Amino acid sequence: MQKNCLQCGQSFEVTESDLAFYEKVSPEFGGKKYAVPSPSLCPDCRFQRRLMFRNDRYFYTRPSAKSGKELITLYSPDKPYNVVSKEEWWEDDWDPRSFGRDVDFSRPFFEQFQELRLQVPRANLFQSKNENSDYTNHALNMRNCYLIWGGGENENCLYGNYVAFCKDTVDALCTYSCEWCYEGIASDRCYECIDFVNSRDCVDCIAIEECSSCKHCIGCFGLHRKEYCLFNEELGKDAWETHRKELGSLTSEKIALLRERLHALRRSLPHRASHIFGSEDCTGDGIYNSRNCVSCFDIKDCDDCKFVAFTPKGISSQDCCFTAPVGPELSYDMCSSLGLRLLFTFLAYHCDSTMYSMECHECSDLFGCASMRRNEYCILNKQYAKEEYEKIAAKLVAHMQETGEWGEYFPPMLAPICYNESNAQDYFPLTREQALAKGYQWYEGEETRSSGDLLFEIPASIENVDEGICDRVLACMATGKPFKIVPQELRFYRKMGIPIPRYHPHERHRRRMLARTPRKLWSRSCAKCGKGIQTTYSPSRPEVVYCEECYLKTVY
């Protein structure tokens, strides 16, 4: 059936399989199933709303509400929250159930949940099992990492978003299992590569795109199992090494020239409609080793999923995003959560049968809870016996059905951060005026500025940089914002023979985002055979786009 989105007005389809999924994940209390209704928002607006709750990369300092010690946190000082360190949050000297309250069936549920959320302690950052990785967020199992925003199982990595199973990798976006790599985007299992996009299993390459199983290539596009190539021309080892020696130490200008020539080369060559590898019956982009996944983006090892993004190992789930390193199962409309049968959650880690809850860990059978730890059968943080829990939960669902809240994700007014601090700004950018017109929050605070002199003339080559650069404050060439180079970072640049960056980390992230196609599908025709395809290249873009069959025949 067709529905019109209540937010953007666009028509979207709810299929029979969607309805069957909603029926499958609908909760059951006291032997009666309470149906999850079909969504009122289109897939894009649902994705946008979930992203409004997640702040990956904006850090602030504020005192702990418990100990008073200074904290690094994702919450700006003006937010009216009870923020404590993650260590204090896990301490046994407080019980989240002490904040429990009865459900008031004369008032909307979301209003009551927000009152609870404002009182309970919340952790300064979302990290787990990290070592020497204080400046990371939404980070699991990190070691010696700095400013990694989302991801897990990384070591010695700096400046990246959705980075997983990587080592010694800097400035990355959506990369898996890369090592000694720099400026990688949407790539998997690359080694000693610089400035690479949509590439797999490549070694010692610079400025490449759409390459797989290539070695020692510079400025190449769409190659498979090639070696010693320069701008798609096979040179042989000796000639290639001569060119590489002539190129010498990389500078920002040299990298820019390589990119310019690569972009000129790619204009005339075919692009694959979608980057889907080792998968069956999937649509979307950035899909690895998955089966029966529809309109999914940046997923790996997933089965039977739809509208799922930035997720490994998701099973039979829809409308889920940012779940790593283990994805959800039988879950719907949630963000940054891991577990089984999760409905409308944010930050529910390793939970089971949990709905409308935030920042809960290792729990089961929760409804409308916040900051719970290893608890079960609670509603609004109040403890119940199993039978009483099911009775109150059933009554609460019926109440939410009457108020129009049941089946909807948390409204924007409950987002813990402002729109321009959230991941939604990456994928659905708005101006301040546009955001405020929609009723969204907007952070007006100023970023911290250095009181010292800013270094605007940044050395072009790493050979001209000494240890003192780590004591200076650099100025972003695009925005003027201050940033610093940390010693670990400088050692990486020296080993890789690359210049120190000239842009603030946030500006570098923004530019990487622009280098990718949107996380959205369009219908268009294969430029070779005319067959209909779904692709992230919109019809208005200039790229020559082939269906998978035509692309493989051309490239392989």
Side-chain angles (χ1 to χ4, degrees), residues 7 45-65 70-86 89 110-111 113-127 134-139 147-151 161-162 309-310 321-323 333-337 344-349 356-360 370-371 409-448 481 504-506 509-510 513:
Q7 180 166 298
C45 288
R46 300 199 299 268
F47 183 40
Q48 179 187 28
R49 179 163 294 190
R50 292 192 301 274
L51 292 180
M52 290 174 64
F53 285 74
R54 180 174 166 117
N55 169 13
D56 274 357
R57 67 185 183 279
Y58 287 94
F59 293 111
Y60 307 93
T61 58
R62 61 185 289 168
S64 164
E70 198 77 356
L71 300 176
I72 305 161
T73 177
L74 63 95
Y75 302 114
S76 59
D78 61 318
K79 301 289 193 303
Y81 304 147
N82 185 2
V83 181
V84 300
S85 72
K86 62 181 183 297
W89 191 89
F110 288 139
E111 182 181 294
F113 179 79
Q114 179 69 342
E115 291 173 357
L116 169 67
R117 185 77 173 128
L118 288 173
Q119 292 184 17
V120 295
R122 58 181 77 196
N124 60 322
L125 294 169
F126 302 116
Q127 305 169 335
D134 292 339
Y135 285 88
T136 60
N137 194 25
H138 295 289
L147 293 183
I148 293 293
W149 314 305
N161 184 224
Y162 194 59
F310 309 107
C321 58
F322 286 107
T323 67
D333 210 3
M334 61 79 159
C335 179
S336 307
S337 299
F344 317 107
T345 63
F346 177 65
L347 289 167
Y349 281 5
Y356 286 111
S357 296
M358 292 189 188
E359 200 178 341
C360 296
S371 295
Y409 197 70
F410 295 110
M413 67 178 184
L414 266 63
I417 35 87
C418 299
Y419 193 89
N420 55 325
E421 298 172 300
S422 75
N423 287 32
Q425 184 72 339
D426 281 344
Y427 298 90
F428 303 91
L430 298 176
T431 65
R432 175 183 180 276
E433 292 70 25
Q434 289 171 330
L436 294 178
K438 293 177 178 292
Y440 302 157
Q441 305 172 76
W442 191 267
Y443 182 62
E444 305 284 1
E446 290 292 328
E447 291 195 20
T448 302
K481 293 180 180 178
H504 187 279
H506 290 175
H509 171 74
R510 187 188 72 83
M513 291 289 298

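Quick note: residue numbers are just sequence positions, from 1. The structure displayed is predicted, hence computed values, not measured ones.
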Whether [X] side chain and [Y] backbone form a donor-acceptor pair below 3.5 Å:
X	Y	value
Asp134	Thr136	no
Ser422	Asn420	no
Trp89	Val84	no
Arg62	Lys79	yes
Tyr409	Thr345	yes
Gln441	Ala415	yes

_Value rounded to 0.5 Å, distance of CG in Leu414 from CD in Glu111_ = 10.0 Å
*Find the distance between CG (Asn137) and CH2 (Trp149) and round it off to the nearest 0.5 Å.*
11.0 Å
*Contacts of type ring pair (Phe, Tyr, Trp, His ring centres under 6.0 Å), residue Tyr419, not counting sequence neighbours*: Tyr440
*Check whether the ring centres of Tyr427 and Phe310 lie less than 6.0 Å apart, and answer yes or no.*
yes
_Ring centre gap for Tyr349 and Phe126 strictly below 6.0 Å_ = no
*Among Arg57, Arg510, Arg54, whose salt bridge (Lys or Arg N to Asp or Glu O under 4.0 Å) with Asp426 holds?*
Arg57
_Neighbour count above 12 (heavy atom, 6.0 Å) for Phe110 CZ_ = yes
*Contact check, side chains of Leu125 and Lys86, non-hydrogen atoms, under 4.5 Å*: no
*Measure the shortest side-chain to side-chain distance between Gln7 and Gln48 over non-hydrogen atoms and say whether it is less than 4.5 angstrom.*
yes
